[in-house]
Student: 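Quick one: the structure is below, questions incoming.
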Amino acid sequence: MLELPYLRAERADAEQRLSKRNIDAKSLVDKALALDEERRSSQNDLDGQQAELNNLSRSIGELMKAGRKEEAEAARARTSDLKATIQQLRDRMDAADQGLHEHLCTIPNAPLPVVPNGRSADDNTVVTQEGALPELPADAKPHWELGEAYGLLHMDLGVKLTGAGFPVYSGAGAKLQRALISFFLDRAIEAGYREIIPPHLVNEDSAFGTGQLPDKEGQMYTFEEEGKRLFLIPTAEVPITNLYRDMILEQDQLPIKMVGYTPCFRREAGSYGKDVRGLNRVHQFDKVEIVRIEHPDRSPAALEEMVEHVKGLLRALELPFRQLLLCGGDMGFSSAMTYDMEVYAGAQKRWLEVSSISTFTTYQSNRLKLRYRAEDKKPRLAHTLNGSALALARIVAALLENNQTPEGIRVPVALRPYTGFEMIRS
RNA sequence: GGAGAGGUGGCAGAGCGGUCGAAUGCGGCGGUCUUGAAAACCGUUGUGCCCGCAAGGGUACCGGGGGUUCGAAUCCCUCCCUCUCCGCCA
């Protein structure tokens with residue numbers, strides 16, 4: 001969540017930036033500050049009364065020790081009123097505190113100044129586009145037909161086993177998945193990221209820490225286990241970032257760069273139509289995710305580095321891609337700035353999002369209580385960032401479509417050491 | 001699943017219900033000494049929130065929650081977690 005000191009000190013800035021999300025920023029901020037005011041004043045009162053009681057208790061102890069029983073009794077008699085008011089003040093303070101916290105949870109991150117205004121995906125800015133679009137014959141097949149024809153991908157078997165949107169890969173299709181995962185991991189490790197294999201199930205604290213709760217609750221698969229709610233991870237971001245929940249890092253530990261491969265589970269309720277054909281949108285997909293914990297001064301540069309890393313992957317895969325800067329209306333709840341990377345799927349003739357690279361500034365770290373010790377030795381909130389590098393299902397879709405030839409499906413050169421084959425044949 | 005032990009500051013480890021945010025040791029930081037380093041010695045060393053320009057003051061926190069009490073790290077209840085042994089098992 002947003003930092004209270006920021007809201008207090010830079011109210012106008014907060015409102016202006018939040019309004020890029022096309023929400024009623026003023027009333028959100030007003031309410032936060034009103035609740036904050038109430039909380040502070042009630043704590044002030046409470047602390048004062050509590051201090052009085054503490055003093056009284058201390059003196060009772062001293063009087064007892066000195067054997068001045070009657071005075072002690074007199075003092076004790078005076079405590080009951082105090083205790084009653086303290087209880088009232090505590091209730092008031094707790095209510096204010098909880099109300100404030102709940103309200104802050106509903107406020108999304110404030111977009112950075114460079115984030116453009118806009119309502120929807122149509123308003124995103126194309127930053128760069130690279131690589132020639134494939135020129136495919138008129139009868140080029142979409143990936144779901146290719147996957148079926150070459151025995152790589154079986155959406156129908158997924159339906160049989162689980163339900164719609166749970167693909168089954170087999171043969172060269174399975175090998176291709178594994179090759180991509182290894183390739184992405186190796187490239188990230190070369191770039192200095194430490195590989196993590198996290199749990200695929202997280203608890204509520206973790207889901208809250210990265211901002212999935214309470215905002216995106218409906219998008220996660222969830223179930224109860226002995227009274228505790230657990231969530232299937234929608235992205236490796238959740239467990240990996242939460243590794244550093246509740247920590248104070250020394251400055252020389254920064255940056256922390258981690259990479260992890262996990263399957264990702266998303267309910268994607270309400271999706272339909274051509275958008276969800278084949279691998280375009282599925283409930284389970286594989287993804288290699290890079291996560292960074294950075295000093296605030298370094299995070300803008302880190303974001304650009306991550307973009308460059310992803311571009312390198314896309315170039316190596318010989319996929320035409322473009323980089324979008326998301327507008328305020330299309331950004332995720334916790335993000336302060338997001339680039340999306342899209343690849344062109346030649347048969348469908350459409351761009352598919354394969355990576356989302358974001359900086360969360362202190363929004364996540366504030367929830368995570370993830371801090372570093374600054375020059376003045378005081379703990380400060382670190383910045384967190386993450387990006388897909390990359391999400392597999394749609395990459396596979398584009399690879400199959402763009403590389404189809406009469407002889408088979410060509411495997412990009414960079415991937416061949418991992419697949420062990422240059423061409424997928426029927 | 002059965003039986004037992006325990007959860008205290010970065011770590012180790014004390015703590016008769018009263019001045020304990022908490023002894024002591026280690027580690028860390030600063031200093032003295034030294035050509036330098038080590039050793040030794042001295043000092044310092046948790047986090048959140050509130051008030052304050054600051055110095056500083058207040059308050060909360062000894063696994064979580066609740067209770068008893070004028071007062072709880074210390075007593076009671078409850079939940080969670082860790083460890084050991086047995087069983088089961090990829």
Student: Could you identify which residues of residues 35-56 of chain A place a heavy atom less than 4.0 Å from some atom of RNA chain B, listed by residue number, or say none?
Tutor: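 Residues of residues 35-56 of chain A that come under 4.0 Å of RNA chain B are, in numerical order, R39(A), R40(A), Q43(A), N44(A), D47(A), Q50(A), A51(A), L53(A), N54(A).
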
Student: Looking across every strand, which nucleic acid part, if any, lies under 4.0 Å from L82(A) by heavy atom: base, sugar-phosphate, or nothing?
Tutor: nothing

Student: If you measure from the Lys or Arg side-chain nitrogens to the Asp or Glu carboxylate oxygens, is any gap between R410(A) and E318(A) under 4.0 Å?
Tutor: yes

Student: Do S42(A) and D45(A) have side-chain atoms, one donor and one acceptor, less than 3.5 Å apart?
Tutor: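 Looking only at side-chain atoms, D45(A) and S42(A) do not form any donor-acceptor pair under 3.5 Å.
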
Student: What is the base-pairing partner of U32(B), counting Watson-Crick and G-U wobble geometry with both distances under 3.5 Å?
Tutor: A40(B)

Student: Taking atom types as modelled, is there a side-chain donor on T85(A) or R90(A) under 3.5 Å from an acceptor on the other?
Tutor: no

Student: If you check the R373(A) side chain, which of G46(B), C70(B), U19(B) turns out closest?
Tutor: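 Nearest nucleotide to the side chain: G46(B).
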
Student: Give none if G71(B) has no partner; otherwise give the nucleotide forming a Watson-Crick or G-U wobble pair with it, both distances under 3.5 Å.
Tutor: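 G71(B) is paired with nothing.
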
Student: Could you tell me if R367(A) sits above the aromatic ring of F208(A), with its cationic atom closer than 6.0 Å to the ring centre and no more than 45 degrees from the axis?
Tutor: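 Yes, cation above the ring, under 6.0 Å and within 45°.
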
Student: Is the Y372(A) ring parallel, tilted or perpendicular to the H295(A) ring (thresholds 30°, 60°)?
Tutor: tilted

Student: Give the rounded distance in Å between these two atoms: CG of D376(A) and P of A54(B).
Tutor: 13 Å

Student: Students often get this wrong, so: under 4.0 angstrom with heavy atoms, is R380(A) touching a base, only sugar-phosphate, or nothing?
Tutor: nothing

Student: Measure CG/L249(A) against P/G10(B) and give the value in whole Å, please.
Tutor: 14 Å

Student: Does one side chain, of T210(A) or Q364(A), offer a donor that lies under 3.5 Å from an acceptor on the other?
Tutor: no

